[in-house]
Amino acid sequence: MRLHFMNDIIKIALIGDIHANLAALQAVLQHAAGRQATEVWNVGDSVGYGPFPDEVARLLRQARILSIAGNCDIKTLHAAGRAPAGRRPEKHMAFAWTRRQLGSASLAFLESLPRQRRLRRGGRRILLTHGSPFSIKEYMDGDTPAPRLRAAARAARAELLVCGHAHRPFKQKTAGVWIVNTGSVGRPDDGDRRACYAMLEISPRRMRIRHYRVAYDLASTLKALRRRRLPESFARMFAHGWDFEQASGKPEKRS
């Protein structure tokens, strides 16, 4: 996508954790385009749990959205057979069912994604990662202890660290580095079921980050989940902005 400068400002939409929710992704892309975003960066977990994995992967390819892999994308690629010992059957189903829905082009797309990307825009050094610079499954959000945020800031070797996985919007400048969690496009778990993403503005003097919440056609997502006979706990996650633990009523560590 060609960069567009307006008053020397570059505008980039930061998205993540789409989780195969096509309606939410479409709404976010339309919202970002209306705010003159000229690039979209996706920090992973594009599929898993939602009803439209192949359609989401196709849209990401067609729109040439710069993407990285999330842990759910990787689990989907390796999902087969019965659930491994100790794993919830519903969670395994989320990935095994998703893999069966993906066409060859979508599978190749997911397989091609790196776990991190280092970029430069407007003279700024930027790291995209799904979890943290240390682990694809580590949370960087408002509950992360300050010493761990400082360690992540140092490890990023960048001026901006963009991450996902936590499904909760977050931004904080730590040790001279902006750490931004995009929030979740398709499956927020902070009680607000609207799609969430962040807008990055880079100017010669500063970087500015703002999160947006976007309403979308949630009813169509829930209808598709039930039509495809996915577990009702999945529908509760999308319908209420809950994590898997809340939706299933079975305590489990966030993952």
Problem set entry | Among Thr182, Ile65, Leu119, the one residue meeting side-chain contact (heavy atoms from CB on, under 4.5 Å) with Trp41 | Leu119
Exercise. Is any side-chain heavy atom of Leu113 less than 4.5 Å from a side-chain heavy atom of Ile68?
Worked result: no
Exercise. His167 and Asp243: side-chain contact (heavy atoms from CB on, under 4.5 Å), yes or no, with the steps?
Worked result: CA-CA 9 Å; His167 292 212; Asp243 61 17; over 6 Å; no
Problem set entry | Nearest heavy atoms of Ser106 and Arg61, plus distance in Å | OG-NH1, 3.1 Å
Problem set entry | Residues in ring-ring contact (aromatic ring centres under 6.0 Å, His included) contact with Phe170, at least two apart in sequence or another chain | none
Problem set entry | The single option from Trp97, Trp242, Phe234 passing ring-ring contact (aromatic ring centres under 6.0 Å, His included) against Tyr49 | Phe234
For this session: Begin from the C-alpha positions of Asn21 and Tyr216 and carry the test side-chain contact (heavy atoms from CB on, under 4.5 Å) through to its verdict.
Result: CA-CA 10 Å; Asn21 189 339; Tyr216 70 95; 3.0 Å; yes
Exercise. Can you find a heavy atom in the side chain of Arg205 that is under 4.5 Å from one in the side chain of Asp8?
Worked result: no
For this session: Check the surroundings of atom CZ in Arg35: do more than 12 heavy atoms from other residues, nucleotides or ligands lie under 6.0 Å from it?
Result: yes
For this session: Tell me whether Ile202 is reachable from Leu161 by hopping between hydrophobic residues (I, L, V, M, F, W, Y) whose side-chain heavy atoms are closer than 4.5 Å.
Result: no
Exercise. When you look at CZ of Arg236, are more than 12 heavy atoms from neighbouring residues, nucleotides or ligands closer to it than 6.0 Å?
Worked result: yes
Problem set entry | Basic-acidic side-chain contact under 4.0 Å: Asp143, Arg168 | yes
For this session: Count the heavy atoms of every other residue, nucleotide or ligand shown that sit under 6.0 Å from CZ of Arg227, and state whether that count exceeds 12.
Result: yes
Donor-acceptor contacts under 3.5 Å from residues 151-160 side chains, at least two apart:
residue: Glu159; atom: OE2; partner: Arg125; partner atom: N; Å: 3.0

Problem set entry | Contact check, side chains of Ile15 and Leu25, non-hydrogen atoms, under 4.5 Å | yes
For this session: Go through Met237 and His19 one step at a time and tell me if the side-chain contact (heavy atoms from CB on, under 4.5 Å) criterion holds.
Result: CA-CA 11 Å; Met237 286 192 289; His19 285 288; over 6 Å; no
Exercise. Can you tell if the side chain of Pro51 reaches within under 4.5 Å of the side chain of Thr221, non-hydrogen atoms only?
Worked result: yes
Problem set entry | Partner residues of Arg226 under the salt bridge (charged side-chain N to carboxylate O under 4.0 Å, His left out) criterion, sequence neighbours left out | Glu232
Exercise. Mind checking whether Leu230 and Met93 have side chains closer than 4.5 Å, heavy atoms only?
Worked result: yes
Problem set entry | Over 12 foreign heavy atoms within 6.0 Å of CD, Gln30 | no
Problem set entry | Side chain proximity check, Phe52 to Arg228, heavy atoms < 4.5 angstrom | yes
Exercise. Stepwise, does the side-chain contact (heavy atoms from CB on, under 4.5 Å) test hold for Leu77 with Leu107?
Worked result: CA-CA 7 Å; Leu77 291 172; Leu107 283 169; 4.0 Å; yes
For this session: Indicate if Ile209 and Ile12 have the same hydrophobic cluster label, given that clusters are the connected sets of ILVMFWY residues with side-chain heavy-atom separations under 4.5 angstrom.
Result: yes
Exercise. Do side-chain atoms of Asp73 reach the backbone of Ser46 as a donor and acceptor pair under 3.5 angstrom?
Worked result: yes
Exercise. So do the side chains of Ile18 and Leu60 get within less than 4.5 Å of each other, counting heavy atoms only?
Worked result: yes
Exercise. Going by heavy atoms in the side chains, are Arg213 and His211 under 4.5 Å from each other?
Worked result: no
Exercise. Does NZ or CZ of Arg148 fall inside the cone over Tyr139's six-membered ring, less than 6.0 Å from its centre and within 45° of the axis?
Worked result: no
